[in-house]
Each structure stands twice: as structure tokens, then as C-alpha cells.
Amino acid sequence: QVQLVESGGGLVQAGGSLRLSCAASGLTFSRHVMGWFRQAPGKEREFVAAISWSGGSTNYADSVKGRFTISRDNAKNTVYLQMNSLKPEDTAVHYCAAARTVLSWGTSTEYDYWGQGTQVTVSS
């Protein structure tokens, strides 16, 4: 049984930082692309960032480039999202997801497993 458990969300002021973690179990973590998506109230789920099996390749949404960094530790079966210079528009539930392979990093339907999400709220 695959489980993805996110943590690290919370309330932060604009300009602040948070680091999200996603601990995976029940899958061969080092053989899965890992991604972060988010969904704000009344909006569709959107791509944030993704990282290849080895961590050698990453991809970011334009809205977070230069502010967010995705990384992974295959020895700990964990993927991280370091979020700096947070803005109120980053407020959303953030989800991690896993995929065996993807053709398009940012397409949510290509991911096989999802966590329950962690709330990130940025106050102005």
C-alpha cells in the first residue's frame, strides 16, 4: 500500500519561508518521479515542481521559479519543497505526487499516487 505523507505546512507572513516534506512508503521511491502540486480555493490543481528519479533533473512552474527548490533524499524516501519569498498567492493546499514515468512533468493525470495535502497560508 503506497502512502505519501506531507508535512511542514503552516501560516507564514509574506516574504517568509517554509519547507515541505513528503515521506513515501510502499513504493520503490528511487524509481519514481516526484512532484508537488497545489490547489487554492475555487481554483484547479496546478503544477508547482517535479524532480527526476535521481534528482538530476528538475522542473518548475513559472510562478515559483527562483523562489522554490525541490529536492529528494532517496535514502530517506523523502522529497522536499523549500519555499522562499512566499507570497499571498502561494496560499493553497500543497500535494506531493509520485509517478513511475511521465511524458509531461506538469500533467497531474500522469501521477499515480497522491498524498492528502498540507495547507500553506501566506498572510499579507
Side-chain angles (χ1 to χ4, degrees):
Q1 176 184 357
V2 175
Q3 282 194 311
L4 302 177
V5 180
E6 302 97 335
S7 61
L11 173 64
V12 65
Q13 288 188 332
S17 298
L18 284 173
R19 188 175 85 151
L20 305 184
S21 299
C22 172
S25 60
L27 77 170
T28 307
F29 183 76
S30 61
R31 289 291 183 260
H32 282 75
V33 170
M34 298 299 297
W36 287 96
F37 291 77
R38 67 188 182 187
Q39 188 167 17
K43 295 187 176 182
E44 292 188 354
R45 189 170 296 187
E46 65 175 3
F47 170 72
V48 176
I51 189 166
S52 62
W53 293 2
S54 67
S57 296
T58 58
N59 189 264
Y60 296 92
D62 288 343
S63 59
V64 307
K65 278 181 183 175
R67 299 189 298 123
F68 291 10
T69 302
I70 188 170
S71 61
R72 66 190 297 160
D73 185 337
N74 285 348
K76 295 183 178 179
N77 286 4
T78 301
V79 62
Y80 305 97
L81 186 67
Q82 178 67 44
M83 305 186 295
N84 299 328
S85 303
L86 282 161
K87 304 176 181 180
E89 51 263 43
D90 294 317
T91 295
V93 178
H94 285 64
Y95 300 89
C96 75
R100 186 71 176 83
T101 59
V102 296
L103 294 177
S104 172
W105 297 63
T107 301
S108 61
T109 53
E110 294 200 25
Y111 289 78
D112 304 304
Y113 307 106
W114 292 83
Q116 292 300 305
T118 184
Q119 176 70 46
V120 171
T121 303
V122 184
S123 63
S124 58

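Model, not experiment: these values are computed from the prediction.
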Side-chain heavy atoms under 4.5 Å apart, restricted to Ile/Leu/Val/Met/Phe/Trp/Tyr: what other residues fall into the cluster of Val2, or is it alone? Leu4, Val12, Leu18, Leu20, Leu27, Phe29, Met34, Trp36, Val48, Ile51, Tyr60, Val64, Phe68, Ile70, Val79, Leu81, Met83, Leu86, Tyr113, Val120, Val122
Considering all heavy atoms of both residues, which atom of Ala14 and which atom of Ser124 are nearest to each other, and what is their separation? CB-CA, 4.4 Å
Can you give me the closest heavy-atom contact between Gly106 and Phe37, atom names plus distance? O-CE2, 3.7 Å
Side-chain (Asp112) to main-chain (Arg100) donor-acceptor, under 3.5 angstrom: yes
Side chain to side chain contact (heavy atoms under 4.5 Å, CB included) between Thr91 and Gln119: does it pass, once the steps are laid out? CA-CA 8 Å; Thr91 295; Gln119 176 70 46; 4.0 Å; yes
Rounded to the nearest 0.5 angstrom, the CZ-SG distance for Arg38 and Cys96 is 15.5 Å
Would you compute the distance between atom CG of Asp73 and atom OG of Ser30 and round it to the nearest 0.5 angstrom? 11.5 Å
Out of curiosity, Gln1 CD to Ser25 OG, how far, rounded to the nearest 0.5 Å? 8.0 Å
Side chain to side chain contact (heavy atoms under 4.5 Å, CB included) evaluation trace for Trp53 with Asn74: CA-CA 9 Å; Trp53 293 2; Asn74 285 348; 5.8 Å; no
Got a salt bridge between Lys65 and Asp62, using NZ or NE/NH1/NH2 to carboxylate O under 4.0 Å? yes
Above 12 or not: heavy atoms from other molecules or residues under 6.0 Å from CD of Gln116? no
Set of ring pair (Phe, Tyr, Trp, His ring centres under 6.0 Å) partners for Tyr95, sequence neighbours left out: none
Atom pair OG/CD of Ser123 and Gln13 - distance to nearest 0.5 Å: 5.0 Å
Over all atoms of both residues, closest heavy-atom pair of Thr107 and Ser104: OG1-OG, 2.9 Å
Smallest separation among heavy atoms of Ser52 and Arg72, with atom names: O-NH1, 2.7 Å
Nearest 0.5 Å please: distance from the CZ atom of Arg67 over to the OG atom of Ser85. 7.0 Å
Quick one: closest heavy-atom pair of Tyr111 and Ala99, and the distance? CD2-CB, 3.7 Å
Sequence neighbours excluded, the answer for ring pair (Phe, Tyr, Trp, His ring centres under 6.0 Å) partners of Trp105 is none
Does atom CZ of Arg31 have more than 12 heavy-atom neighbours, drawn from other residues, nucleotides or ligands, at distances under 6.0 Å? no
How many angstroms lie between CD in Gln82 and CZ in Arg19, if you round to the nearest 0.5 Å? 7.0 Å
Which atoms form the tightest heavy-atom contact between Ala23 and Thr78, and what is the distance? CA-OG1, 4.1 Å
